[in-house]
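Take a look at the structure below.
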Amino acid sequence: MQTSALPDLAHTAAKPMHWLATAAAMAGVVALAGLLQPRTATATATASEQRTTTRHGAPVPAPDPAGVDFPLECGGAGTTVAKQAPGDLDGDGRPETVAVVHCAAGSGTPPGGIYVLTQASGAAPRVVATLVDPADRKTVGDFAVRDGVVSATLLGYSSLEVPRCCPDQEEQASWRWKGKTFVRSSGELARSV
């Protein structure tokens with residue numbers, strides 16, 4: 001065996017203090033990564049939107065998003081309904097369901113879509129409108145349905161160089177049914193710090 005002319009490297013004679021320092025540094029990185037996650041999102045509906053009834057006084061159930069075929073390309077991974085909220089968005093007396101859906105990625109923060117579902121008597125629920133298309137590469141933060149208005153916080157990225165874990169743009173958007181379509185209004189795009 002030939003001996004090296006170089007001095008022993010520090011990692012070849014690591015002491016317990018070196019390993020303790022490495023473990024502490026790794027714990028700090030993991031803790032910091034946990035703090036940099038997107039805010040927790042909620043979905044709510046007002047009490048009047050949850051109590052929509054038929055002419056006979058029986059409550060009309062909002063469409064259930066389970067089993068709906070959402071227009072997402074997930075490569076066989078399936079979809080996840082992350083949030084949902086009912087509300088009578090078009091004033092016809094029957095509740096719609098607004099669902100935030102993304103691919104079942106298992107980890108990470110896949111882009112999501114916001115879909116409006118309706119259900120005719122005896123028919124299966126179906127998607128009637130796409131408010132946010134996953135192709136726009138947005139993540140949906142806070143989300144609510146109140147007084148016929150859908151509102152959401154949309155998180156995104158200013159460039160491809162921004163790590164996908166940490167969106168650096170935030171936009172407030174809302175949609176209201178007008179005539180025969182949903183009309184979007186949005187706040188200014190803001191950079192987070």
Side-chain angles (χ1 to χ4, degrees), residues 37-156 167 170-187 189:
Q37 296 298 315
R39 290 180 283 169
T40 302
T42 58
T44 59
T46 62
S48 63
E49 290 169 324
Q50 295 174 354
R51 289 192 311 254
T52 305
T53 58
T54 64
R55 285 180 273 164
H56 305 292
V60 174
D64 183 2
V68 172
D69 186 24
F70 292 98
L72 278 152
E73 295 294 327
C74 295
T79 59
T80 298
V81 177
K83 303 167 210 145
Q84 62 182 334
D88 182 6
L89 302 175
D90 57 4
D92 67 353
R94 297 186 63 84
E96 287 76 33
T97 296
V98 182
V100 177
V101 184
H102 59 78
C103 292
S107 65
T109 310
I114 300 179
Y115 302 98
V116 178
L117 308 175
T118 191
Q119 183 174 12
S121 295
R126 63 186 179 93
V127 175
V128 293
T130 300
L131 303 180
V132 173
D133 190 330
D136 296 337
R137 306 192 63 74
K138 301 286 184 183
T139 302
V140 180
D142 293 333
F143 164 76
V145 175
R146 289 189 189 95
D147 301 322
V149 177
V150 178
S151 59
T153 301
L154 304 177
L155 306 172
E170 180 178 297
E171 178 184 4
Q172 302 300 319
S174 62
W175 298 265
R176 179 182 291 278
W177 180 257
K178 289 196 180 182
K180 296 183 177 190
T181 189
F182 283 96
V183 176
R184 177 180 173 167
S185 59
S186 58
L189 201 59

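All residue numbers in this chain count up from 1 along the given sequence.
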Sequence neighbours left out, what pairs pass ring pair (Phe, Tyr, Trp, His ring centres under 6.0 Å) with at least one residue falling in residues 98-125? Phe70-Tyr115
side-chain contact (heavy atoms from CB on, under 4.5 Å), that's the test. Do Ile114 and Trp175 meet it? Break it down for me. CA-CA 11 Å; Ile114 300 179; Trp175 298 265; 4.1 Å; yes
Residues passing the side chain to side chain donor-acceptor pair (under 3.5 Å) test with Ser174, sequence neighbours excluded, are Ser185
Just to verify, what does Asp92 make a side chain to side chain contact (heavy atoms under 4.5 Å, CB included) with, not counting sequence neighbours? Asp88, Asp90, Arg94, Glu96
Contacts of Arg184 meeting salt bridge (Lys or Arg N to Asp or Glu O under 4.0 Å) (sequence neighbours excluded), chain-then-number -> Glu171
Please list, chain by chain and in numerical order, all residues satisfying side chain to side chain contact (heavy atoms under 4.5 Å, CB included) with Lys180, sequence neighbours excluded. none
Give a yes or no answer on whether the side chain of Lys83 reaches the backbone of Asp142 with a donor-acceptor pair at less than 3.5 Å. no
For residues 113-151, which residue pairs qualify under disulfide bond (SG atoms under 2.5 Å apart), counting only residues two or more places apart or in two chains? none
Residue pairs fulfilling disulfide bond (SG atoms under 2.5 Å apart) with at least one residue in residues 78-128, sequence neighbours excluded: Cys74-Cys103
Do Val149 and Arg176 have side chains that get closer than 4.5 Å, going by heavy atoms? yes
Quick check against the 3.5 Å criterion: does Thr97 have a side-chain atom that pairs as donor or acceptor with the backbone of Pro63? yes
Residue pairs meeting ring pair (Phe, Tyr, Trp, His ring centres under 6.0 Å), one or both in residues 78-100, sequence neighbours left out, come to none
